[in-house]
Structure formats: C-alpha cells, structure tokens
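First the structure, in the form of structure tokens, and then the observations on it.
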Amino acid sequence: MSNNKLIANFKIINKKNEWQNTLEDIGHYDFYHTYDYHYLSKSESEKAILLKYEEGNKMICFPLIIRKIGDSGFFDATSVYGYAGPLQKNIDKNFQNDVFAEALNNYFINEKIISVFSRLSPYIANQDVVLNQIGEIKKLWKVVNIDLTIGLKKQRELYSRTTKRYINKCRKLCDVIISDSSSSIDDFVSLYYENMNRVNAKKDYYFSKEYFLQFINGEDYKTDIMFAVFKETGEIISAALMVKTNDIVQYHLSGTKAEYLHLSPIRLLIDEMRVNATQESKTYFNLGGGLGNTDDGLFKFKSSFSKDYKPFKIWKHIINNNVYDNLVDQYATSDCDSSFFPLYRCNGL
C-alpha cells in the first residue's frame with residue numbers, strides 16, 4: 001500500500017488542451033466527457049474540472065461540474081446532462097481502489113464539496129470498479145443500443161414490424177439530408193422547440209440558439225444534423241442531432257412537425273444514421289431510454305429498433321453527512337421527494 005501511495009498522483013485539469021490530451025491518452029471516451037461539452041453545459045458561476053489520478057501505469061479521469069450551494073460557503077459536484085462518469089486506463093476487475101478513494105475524498109474535503117452526483121455511461125468499462133464502495137451506485141433503468149458490429153442485415157432483422165413499415169413508407173416519401181453547417185441550426189431549433197412545447201418539457205431543456213451553434217461547432221466530437229425532407233413540398237418535417245465520438249454514436253436531441261407525426265420520420269433518421277455509423281465502423285449507437293427511466297412510450301419506441309439493453313446507473317456520494325443534513329434542513333421543504341439527490345436542491349437551489 002505504501003508503495004502505491006508513493007507513485008499515486010492526483011491532479012485537477014481545467015485547460016482545454018490538457019483536458020483533451022488526457023482524454024486522448026485514456027483512449028475510450030464519449031462526447032459527454034469532453035472539455036467543449038462541459039464548458040457548454042456549465043453556468044457562469046460553475047466550474048468544470050477533470051480530475052486526473054495516476055497510479056503506476058493506471059489512470060482514472062473524472063469530469064465534474066462544481067457548484068456553489070446557495071450562500072452556505074459549501075459546494076457540490078455533478079455531471080453534465082448525458083452519460084458521463086469516470087474514465088480509466090489499464091484498470092480491470094481486480095483493481096483495488098482504496099488509494100484512489102482516499103485521494104478523491106481528500107480533494108472533496110479540501111474543497112468543501114459536500115456531495116457528488118454523476119450519471120454513468122453504459123459504454124465505458126469498469127466504472128463500477130473505479131467507484132467501488134465510494135458512495136452508492138444505483139441502477140435506474142436501461143437504455144437501448146443498436147449493436148453496429150453485427151452487420152446491417154442482422155441489425156434490421158431485429159427491428160419490430162411496425163418500425164420496418166414506418167421506415168419503408170418514409171423512404172418513399174422523404175429524402176434525408178445530413179449537415180454539420182451552422183446555417184442549418186435554425187431549422188433544427190424550430191423543430192426542437194416545437195417538440196419541447198408538445199411534451200411540456202421543463203425550461204432547462206429549452207437550449208438557446210447560441211447553445212446549439214456552440215454545440216455543433218465543438219471540436220472534440222462530430223455532430224451530424226439530420227433532416228427528413230418531405231419530397232412533395234420540400235418541407236423539413238423532422239430533425240435530429242447525432243453525435244459521434246470514437247466508436248460511440250449518440251442519438252442526442254430531435255424534433256418533428258406535429259402534422260407529420262403520423263409518418264414517424266424520426267425512425268427514418270435513426271435508420272439512416274445506423275447505416276452510416278456501421279459503414280464508419282462505429283460500435284455502439286445509443287438511443288437512450290424513456291422519460292423518467294420507465295417503460296413508457298418513448299422507451300417502447302426506442303426498443304422497437306433493438307433489444308440490446310444496457311443498464312443505466314447513477315452514482316451518489318455524500319462526503320460530509322452532518323453538513324449535508326444541515327443543508328437539507330436549511331433548503332429542503334416537507335413536500336420534497338425524498339429520493340431527490342442532493343435533497344437540499346429539490347426546490348431548484
């Protein structure tokens with residue numbers, strides 16, 4: 001143990017070049033781990049960091065956003081929207097994480113960070129090993145993956161009959177256009193907002209046009225804006241943002257015009273990206289899960305493409321229970337959902 005302590009190194013990274021070079025050194029990461037996405041996701045009062053831990057030839061990197069907790073003088077940490085969590089290199093199931101756990105907790109204590117929350121990624125190996133017995137890992141539900149390694153024909157055979165029927169019809173009625181141009185963002189934003197209005201989305205999901213412009217211009221990943229164009233009128237009726245990083249493709253955000261929902265053109269866009277991503281030798285195409293991590297209509301729609309389900313997990317860690325409880329007493333109210341974490345933020349603090 002003492003030998004390990006001598007060679008363990010813990011560092012905080014907040015500069016773009018060093019952040020991205022570190023991810024490249026790790027090798028396998030998603031766009032949710034990148035500097036560009038973190039700096040796009042944080043507010044002005046928040047701080048994005050990449051924790052880097054080295055122990056011999058082993059490396060752990062953990063991107064987080066640090067937030068002030070009201071006027072308390074304390075802080076907490078959270079993950080970006082999406083599938084993040086720690087990355088690792090040369091770590092397997094036999095890794096003993098006690099030196100890492102000590103270094104991590106010492107950092108949190110020194111920075112007055114009271115609690116940490118992170119969504120984890122089903123596509124990054126050994127996150128549970130890295131975080132073993134540090135806080136709590138909880139499985140919420142599952143996400144739908146299209147396995148891009150099994151070949152185009154086999155992938156399509158796994159579609160439901162309903163999805164095949166919609167795609168066949170849409171291919172006759174629509175063209176698909178793929179763009180990565182800033183000039184295309186207005187068309188996407190209008191469809192996305194219409195979609196958010198229709199589902200009564202929380203205001204957090206109404207990202208600004210400037211946000212989307214910065215998003216598609218991110219250098220650390222590749223964003224394809226996909227449009228379904230109705231042939232008869234030339235009208236754009238559906239759009240989706242698909243994000244490619246290393247061997248992972250993420251179906252990120254989308255929108256469809258209400259009068260064309262009966263055609264389900266988003267299925268055509270997913271199918272087109274599946275073909276393109278397979279031809280580009282990607283491995284995973286993550287469609288995500290349902291709203292609120294339930295077996296709802298959205299999940300049933302996504303699972304009509306594939307039954308390759310991956311577990312969706314979150315990580316929760318309270319570093320100082322006494323301060324945490326005091327913050328709950330100070331900021332939470334009796335009508336708060338007790339499962340909300342951290343509970344002191346249940347009223348939108």
Between [X] (side chain) and [Y] (backbone), is there a donor-acceptor pair under 3.5 Å?
{"X": "Ser306", "Y": "Asn145", "answer": "yes"}
{"X": "Lys310", "Y": "Val143", "answer": "no"}
{"X": "Asn168", "Y": "Lys164", "answer": "yes"}
{"X": "Asn286", "Y": "Gly288", "answer": "yes"}
{"X": "Asp220", "Y": "Thr34", "answer": "no"}
{"X": "Ser160", "Y": "Thr163", "answer": "yes"}
{"X": "Trp19", "Y": "His33", "answer": "yes"}
{"X": "Asp147", "Y": "Thr149", "answer": "yes"}
{"X": "Asp175", "Y": "Lys231", "answer": "no"}
{"X": "Gln127", "Y": "Ala84", "answer": "yes"}

Out of curiosity, does Leu269 fall in the hydrophobic cluster containing Val275 (side-chain heavy atoms, cut-off under 4.5 Å, transitive links)? no

Please tell me whether Leu131 and Ile113 are part of a single hydrophobic cluster in this structure, the criterion being side-chain heavy atoms less than 4.5 Å apart. yes

Looking at Glu18 and Lys52, is any side-chain nitrogen of the basic one under 4.0 Å from a carboxylate oxygen of the acidic one? no

Does the pair Lys89/Glu54 count as a salt bridge with the N-to-O cut at 4.0 Å? no

Side chain to side chain donor-acceptor pair (under 3.5 Å) partner of Gln250, the single match among Thr245, Thr223, Asp30: Asp30

Audit row: Ile49, Tyr107, side chain to side chain contact (heavy atoms under 4.5 Å, CB included) steps and yes/no: CA-CA 12 Å; Ile49 60 166; Tyr107 167 75; 3.1 Å; yes

How are the rings of [X] and [Y] set relative to one another: parallel (under 30°), tilted (30 to 60°) or perpendicular (over 60°)?
{"X": "Phe312", "Y": "Tyr83", "result": "perpendicular"}
{"X": "Phe212", "Y": "Phe207", "result": "perpendicular"}
{"X": "Tyr39", "Y": "Tyr35", "result": "parallel"}

List the steps and the verdict of side chain to side chain contact (heavy atoms under 4.5 Å, CB included) for Ile178 and Asn276. CA-CA 11 Å; Ile178 300 178; Asn276 292 352; 3.0 Å; yes

From the options Lys316, Lys47, Lys112, Arg67, select the one residue that forms a salt bridge (charged side-chain N to carboxylate O under 4.0 Å, His left out) with Asp76. Arg67

Taking the side chain as every heavy atom from C-beta outward, state whether Arg267 and Phe305 have any pair of such atoms under 4.5 Å apart. yes

Are the side chains of Ile225 and Leu241 in contact, using a 4.5 Å heavy-atom criterion? yes

Between Asp271 and Arg171, does a side chain to side chain contact (heavy atoms under 4.5 Å, CB included) hold up when you go through it step by step? CA-CA 10 Å; Asp271 186 55; Arg171 283 211 177 272; 3.0 Å; yes

Take Tyr221 and Phe215 through the test ring pair (Phe, Tyr, Trp, His ring centres under 6.0 Å) and record every step on the way to the result. CA-CA 9 Å; Tyr221 47 84; Phe215 187 97; 5.4 Å; yes

Are Tyr251 and Phe285 close enough that their ring centers fall under 6.0 Å? no

Is the distance between the ring centroids of Tyr53 and Phe62 under 6.0 Å? no

Compare every heavy atom of Lys58 with every heavy atom of Asn90, then report the nearest pair and how far apart it is. O-CG, 3.4 Å

